[in-house]
Asker: 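Have a look at this one.
As the structure is a computational prediction, the values presented were derived from the model and not from experiment. Index from 1, following the sequence.
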Amino acid sequence: MPLLRKIEIFLRETDMSWTKFGRLSVRDPRFVQDLRNGRQPGRDISERAEDFMQMWRTEHAG
């Protein structure tokens, strides 16, 4: 599944704003908007975003 799709699902599940997600996950509040506009992140940035989502779900499970 593409990273943007995973992020969009995560944002709906957590009710997190896209700017907050970008700021917390990769220190770039425009990250999600840039992805929506066609940005192709490198492997390191993609992994940071994926790791953040996994960590958030683990810490906020319940």
Asker: Within the side chain of Arg23, is there an N or O that forms a donor-acceptor pair under 3.5 Å with the backbone of Asp28?
Answerer: no
Asker: Is the number of heavy atoms from other residues, nucleotides or ligands within 6.0 Å of CD (Gln54) greater than 12?
Answerer: no
Asker: Could you report the tightest heavy-atom contact between Ala49 and Leu3, atom names first, then the distance?
Answerer: CB-CD1, 4.3 Å
Asker: For the residue pair Phe31 and Gly22, what are the closest heavy atoms and their distance?
Answerer: CB-CA, 4.1 Å
Asker: Measure the spacing between OG1 of Thr19 and CD of Gln33 and express it to the nearest 0.5 Å.
Answerer: 10.5 Å
Asker: From Ile7 CD1 over to Met1 CE, what is the distance, rounded to the nearest 0.5 angstrom?
Answerer: 12.0 Å
Asker: Compare all side-chain heavy atoms of Arg57 with those of Glu13 and state whether any distance is below 4.5 angstrom.
Answerer: yes
Asker: Is there a path of hydrophobic side-chain contacts, each under 4.5 Å between heavy atoms of I, L, V, M, F, W or Y residues, that connects Met53 with Ile9?
Answerer: no
Asker: Are any non-hydrogen side-chain atoms of Trp18 and Glu8 less than 4.5 angstrom apart?
Answerer: no
Asker: Are there over 12 heavy-atom neighbours, none belonging to Lys20, within less than 6.0 Å of that residue's NZ?
Answerer: no
Asker: How far does CG of Asp44 sit from CD of Glu47, to the nearest 0.5 angstrom?
Answerer: 6.0 Å
Asker: Using the ring of each side chain (for Trp, its six-membered ring), is Trp56 parallel, tilted or perpendicular to Phe52, with breaks at 30° and 60°?
Answerer: tilted
Asker: Before giving the answer on side chain to side chain contact (heavy atoms under 4.5 Å, CB included), spell out for Asp51 and Met55 the whole-Å C-alpha distance, their side-chain angles and the decisive distance to 0.1 Å.
Answerer: CA-CA 6 Å; Asp51 290 347; Met55 181 183 67; over 6 Å; no
Asker: Taking the side chain as every heavy atom from C-beta outward, state whether Arg36 and Leu4 have any atom pair closer than 4.5 Å.
Answerer: yes
